[in-house]
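Notes follow the structure.
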Amino acid sequence: MIKLIVGNKGSGKTKAMIEKANAAAAASKGNVVCIEKGLQLTYDLSHKVRLIDVTQYGVKGYEAYCGFICGVMAGNYDITDIFCDATLKIGGDDLEAFADMVEKLISLTTANGMEITFTVSCDLSRLPERIKKYVI
């Protein structure tokens, strides 16, 4: 399942994601991962959440980002939740390319019951129609 937390800068997306990640870590029988640009969330997330700084891996663009997420999933079959912060800073401002990535990841999450939550810093009206159904 894919979930999108969408809103303009300063609307509380990251705070909402942190709350969801910590709740998932408390309830999960597997592993919870958070992917972000930098390590700003180090002290906000539970120690049970695996924090990954994507900048250490040279990920740029949505094809690379999708491959990175798939690699994280392949590396640990016990992952139940992945939280991705600062999506547009990592993948870029091409929302159609982001929508393509979301659609690729849907089949993977459906197959194994995993949830991936993205924060997307833009106005909801800019989001492609085909992925608006994933907004929470």
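All figures in this text were calculated on a predicted structure; none of them were measured in a lab.
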Counterpart residues, side-chain hydrogen bond (donor to acceptor under 3.5 Å, both in side chains), relative to T117 (two or more places apart)
none
T55: side-chain contact (heavy atoms from CB on, under 4.5 Å) partners, not counting sequence neighbours
K37, D53
Qualifying ring-ring contact (aromatic ring centres under 6.0 Å, His included) pairs, either residue in residues 3-39, two or more places apart:
none
Do the side chains of I131 and M1 join up, straight or via other hydrophobic residues, at under 4.5 Å, putting them in one cluster?
no
Would you say I79 and M114 make side-chain contact, with heavy atoms under 4.5 Å?
yes
In chain order, what residues pass the side-chain hydrogen bond (donor to acceptor under 3.5 Å, both in side chains) check against T14, with sequence neighbours excluded?
D85
Are any non-hydrogen side-chain atoms of K29 and T80 less than 4.5 angstrom apart?
no
Any side-chain heavy atom of L127 sitting closer than 4.5 Å to one from L4?
yes
If only atom types and distance count, is the side chain of T119 paired as donor or acceptor with the main-chain N or O of I5 below 3.5 Å?
no
Please collect all salt bridge (Lys or Arg N to Asp or Glu O under 4.0 Å) contacts where either partner lies in residues 67-79, sequence neighbours excluded, each pair once.
none
Without placing hydrogens or testing angles, list every side-chain donor-acceptor pair under 3.5 Å for residues 40-48, not counting sequence neighbours.
residue : atom : partner : partner atom : Å
T42     : OG1  : L39     : O            : 2.7
S46     : OG   : K48     : N            : 3.1

Could you pull out all residues at least two apart from K132 that satisfy salt bridge (Lys or Arg N to Asp or Glu O under 4.0 Å)?
E129
Look up atom CD1 in I116 and atom OG1 in T109, then write down how far apart they are to the nearest 0.5 Å.
6.0 Å
Which residues pass the salt bridge (Lys or Arg N to Asp or Glu O under 4.0 Å) test with E103, not counting sequence neighbours?
R130
Evaluate side chain to side chain contact (heavy atoms under 4.5 Å, CB included) for L105 paired with F118, printing each intermediate quantity in order.
CA-CA 12 Å; L105 293 171; F118 292 96; 3.8 Å; yes
Show me the donor-acceptor pairs within less than 3.5 Å that the side chains of residues 58-74 make with the rest of the protein, sequence neighbours left out.
residue : atom : partner : partner atom : Å
Y62     : OH   : G92     : O            : 2.6
E63     : OE1  : K104    : NZ           : 3.4
E63     : OE2  : K104    : NZ           : 2.7

Verify the cluster assignment for I136 and I18: are they in a single hydrophobic cluster under the rule of side-chain heavy atoms below 4.5 Å apart?
yes
Are V54 and I82 connected, step by step, through hydrophobic side chains (Ile, Leu, Val, Met, Phe, Trp, Tyr) whose heavy atoms are closer than 4.5 Å?
yes
Restricting to pairs with a member in residues 7-22, which pass salt bridge (Lys or Arg N to Asp or Glu O under 4.0 Å), not counting sequence neighbours?
none
ILVMFWY network linking I2 to I90, side-chain heavy atoms under 4.5 angstrom:
yes
Quick one, S121 and K89 - any side-chain contact, counting heavy atoms below 4.5 Å?
no
Honestly curious: do M101 and I35 fall in one hydrophobic cluster under the side-chain, below-4.5 Å linking rule?
yes
D93: salt bridge (Lys or Arg N to Asp or Glu O under 4.0 Å) partners, not counting sequence neighbours
R126
The complete set of salt bridge (Lys or Arg N to Asp or Glu O under 4.0 Å) pairs with one or both residues in residues 108-123, sequence neighbours excluded, reads K3-E115
From OH (Y77) to CG (N31), nearest 0.5 Å:
9.5 Å
